[in-house]
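So that the names make sense, note that chain A is the first sequence line, chain B the second, and so on, each numbered from 1. Not measured: the values here are computed from a predicted model.
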Amino acid sequence: MPELPKTYDPRTVEPKWYARWIDNRDFEANPKLSKPAFSIVMPPPNITGVLTLGHVLNNAIQDILARRARMQGFEVLWLPGMDHAGIGTQTAVEKFLLRTEKKTRHDLGREEFLRRVLDWQEKHGGIIIEQLKRLGCSCDWSRERYTLDDNYIRAVQKAFVDLYNNGLIYRGRRMINWDPAAQTALSDEEVINKPQKGNLYYVRYEIVEEPGRFLQVATTRPETIMADTAMAFHPNDKRYVDLFGKHAWRPLAREKLPIIADEAIDPEFGTGLLKVTPGHDKLDLEIGERHSLPALDVLTLDGRINCPAVPELNGLDRFEARKRAAELLQERGLLSKTELYANNVGFSERSEVPVEPRLSEQWFLRYPKTKEALAVVRDHLIRFFPAHWEKVYAQWLEKIQDWCISRQVWWGHRIPVWYAKCQSPSSKSQIHVGIDPPVDSENWTQDEDTLDTWFSSWLWAYETMDEETRKKFYPTSVLVTAPDIIFFWVARMIIAGLEFKPGKSERDEDNIPFRDVFFTGLIRDKQGRKMSKSLGNSPDPLELIGKYGADGLRFGLMRIAPSGQDIRFDEKQIEEGRNFATKLWNVARFRQMHGPSDAAPKVDNKKLSIFAVEVLARLNETIEAIEKAYSDYQFNAVAQELYDFVWSDYCDWFVEAAKTEIFSADETKKKSALAVMDLVLSAVVRLLHPFMPHITEELWSRLGFGKGSIQFVLPPGKIALGDGDLANKRRLVSEIYEAVQAGRNLRAEANVPSNKKIGFILRTHEKWFYNELLTIARLLNAEEVRLDRQYEAVAGVPVAVTPLGELFLAIAARDKTAERARLDKEIAKIEAEIRTVDSKLKSESFVERAPAVVVEEHRQRAKDFSAQLTKLKQARAALN
RNA sequence: GCGCGGUUAGCUCAGUGGUAGAGCACUACCUUGACACGGUAGGGGUCAGAGGUUCGAACCCUCUAUCGCGCACCA
């Protein structure tokens, strides 16, 4: 067996193993096997996206779950894929065209533009898949899917057609969110409200029937005055009652406006008068419908004024026009005042421009199965982790509105609807809704629009699977996703599952898309800002992999990823992941230096050193803690448990203590210590494998723990330490370790260099640790630890009171002042402890009402402390 | 306005009623026969504030402050 290199080099090890796993088709799921199923569908990244830290976090978690399940004997399907990302991809290509050719998509025409998108996809598509492979993701790449696969397209169309035939999808002219930059309708979820500083303009409207009398109306949008079709006040508002039925002059594009009364008006706001603009405001449209007012549209699709009647404004951009309109009114004496005003404005999530409420003919979905969707989460057929997202989910479903699913975008799933070219108004067949075009297609034109990208992704959990796969792997075991798409995707997938029933029965539990949902946190930068391209604060994960290895990145990130909390990213933490990998590597290397490992180490409980008992007991505790953490999706806790066990319990304590046996001439003892190391190392690499797949596979192979891959080996179970004396042995070890720490502290306080071997004297009547003196000496870096029951130290020789006895440094007396100060500090510490414990014990209510165990614990502590204090005081008195 | 989450060491964060923790950073010593991407020791916290429940509160309850998120309102 070749010796391990001195440092671990992930750059050669990681790609080597990944290639081997792929060659062996280790990640491919076989639905024919009888092993229990475990499945995850990957939230499909955008086809032209590149890997971000968010993806790393999300996919590392999925990989951990998939790899752990594989080890546990599940048949695992982790199904990867990509999303066509309608608006996103189209916008990227449009920007590119404008920059390189100074052309818009309209210049090219639909067909040519789509060809260009495909070129773009050819060039930039799928990069992220290669990056995920570099991360070590164990996806079944043979099943990679795309939301524009032929089958998938048909499935999306079928969903549309079925919903249409069930009366759930309809076409209607309604107020929608219009994105003037992308020039498409958006769903409510794609609009983000942001507080904005603006002005409240007080505009004067003259009363037609009473020339010279003016009404004041407060508005934030004077540029839409030309679309006013009424003035309105609250019917109980006495100020305006006499005006009911009269008219006001519209100040721009002068027209007579009826003055009406409507309950929707808030008399407290502004002047209590509302200019009713049904074409540009949702509330106004409702008022307009109640009073049969016309809805005028004075904006173009790209957000300019379309009103030839006011040439000063016509053609101006909406924000330009707002200023100009205010000036015009000012010039005409119709603007009485302007106030600074903060209100919320809806922005397009994608284009980051304010959306325009707009009356438009679009396709809508009346959500089905909303009650059932609420129930499956409320009744925990689907469990959310962390659970508080259940409430957010429920609130969304309770207030749900119809979903505007059509987009004026070319890249995507074309709406499967055709309109007859020559319509005979009475004919019912002027619309054709179907997966296939009408037979006489030359007489029909297909709807120009495409479907909201989420209308395709909501089928992702099962339309990515064929019949056989679905039978085995649907519903999926768990979905791992970021909470910002809980409405966009998670909720809609649940609805789709319940509505389309892809499961093996009609029952909800067979049709829900997943059983658990784990919501990750969002990764922020060190200042707490969201990572974004424009801020440039998002590190390139590939660069991090280059510096720290994929395993280092994964482990470092997982250790700081608290469940459901946002994560503040700091590269230091990835460095720690890398350092941990190196630590593991080196402690394995240490084992390997002492001969070949035993794949099936046998340990005899009776022959184990007490230090071995301790480390194995800690391993058992760690295994238990890890299992609990996994069941709650507490990945950071799993990582932390492993980190602490490996670094502290195993490396710092056990390996150091075991060196006594490893370097001893006693072959039996040496073998026993090496067997314990094999036991621990073999367990540790298996426990770590889901987090750090490459290095653990390398060590598994190098140390020869098994012939095959570590991927399919059962995780370690707890080791039987059925020794009735276990607790006692563990107590002895902790007393030894405590004494060692006290002794090391003595050395340091006395300025003895770390590498200098020095003598210790232990004054004690205890005998039980005689056999461990060599180990104690090694841990203290002592040349010897001499036992002396009667030892009388010269005043000023440093001493520590330990559970084993009083431990003296075998050096000449120190400067008495320094030693006094040191002891005084120790005494003060102990006295403080005693005060705390005593005050509790003196309290009658504590002694009476606290559990007996707790009281007894406190009594024991008080006893120990005062014994320690007595000895410290004696040492202190000797210095006087 | 409603709802959710956070506030613990200089920093990033663990900690579900009984002795306040880790890593980083800092200080000192150390290249000791796995590891300087390392070892040993040390300093550093009235657990945001106030009140309550309890024998006992970082932890449970109420209120306040503050930061973040979601929803609603938005003339």
Checklist line | Whether A/Phe580 and A/Phe555 hold their rings parallel, tilted or perpendicular, with breakpoints at 30° and 60° | finding: parallel
Nearest-angstrom distance, [atom1] atom, [N] to [M]:
N	M	atom1	value
B/rG21	B/rU46	P	15 Å
B/rG17	B/rA58	C1'	11 Å
B/rU19	B/rC13	P	26 Å
B/rA14	B/rC47	C1'	13 Å
B/rU8	B/rC59	C1'	11 Å
B/rC4	B/rG51	P	25 Å
B/rC67	B/rC60	P	23 Å
B/rA34	B/rG42	P	24 Å

Judged by modelled atom types alone, do [X] and [Y] share a side-chain donor-acceptor pair under 3.5 Å?
X	Y	answer
A/Thr338	A/Asn199	no
A/Trp396	A/Glu189	yes
A/Asp228	A/Tyr205	yes
A/Tyr650	A/Arg618	no

Heavy-atom nearest nucleotide on RNA chain B taken for A/Phe580 and for A/Lys391; more 5' hit belongs to A/Lys391
Per nearest nucleotide of RNA chain B, the residue lying toward the 5' end, A/Phe590 or A/Phe569, is A/Phe569
Under a 3.5 Å limit for both distances, which nucleotide forms a Watson-Crick or G-U wobble pair with [N], could you say?
N	value
B/rC55	B/rG18
B/rG3	B/rC69
B/rA25	none
B/rC37	none

- [ ] Using only side-chain N and O atoms of A/Asn755, determine if any of them is under 4.0 Å from OP1 or OP2 of B/rU31.
- [x] yes
query = Is a salt bridge present between A/Glu656 and A/Lys659, judged by a nitrogen-to-oxygen distance below 4.0 Å?
reply = yes
* Charged N to carboxylate O under 4.0 angstrom, A/Glu575 versus A/Lys547? -> no
What about the rings of [X] and [Y], do their centers lie closer together than 6.0 Å?
X	Y	value
A/Trp647	A/Tyr643	yes
A/Phe590	A/His594	yes
A/Phe518	A/Phe635	yes

Protein-nucleotide distance ([X], atom [atom1]; [N], atom [atom2]), rounded to Å:
X	N	atom1	atom2	result
A/Ile758	B/rC30	CD1	C1'	14 Å
A/Glu656	B/rG33	CD	P	12 Å
A/Lys756	B/rA28	NZ	C1'	17 Å

Please encode protein proximity along [range] as a string of B, S and -, counting only heavy-atom distances under 4.0 Å.
range	value
nucleotides 17-24 of chain B	-BB--SSS
nucleotides 65-75 of chain B	---S-SSBBBB
nucleotides 39-48 of chain B	BSSS------

All heavy atoms of A/Leu807 vs all of A/Gly743, minimum pair found to be CD2-CA, 3.6 Å
Within 6.0 Å of CZ in A/Arg239, more than 12 heavy atoms from elsewhere: yes
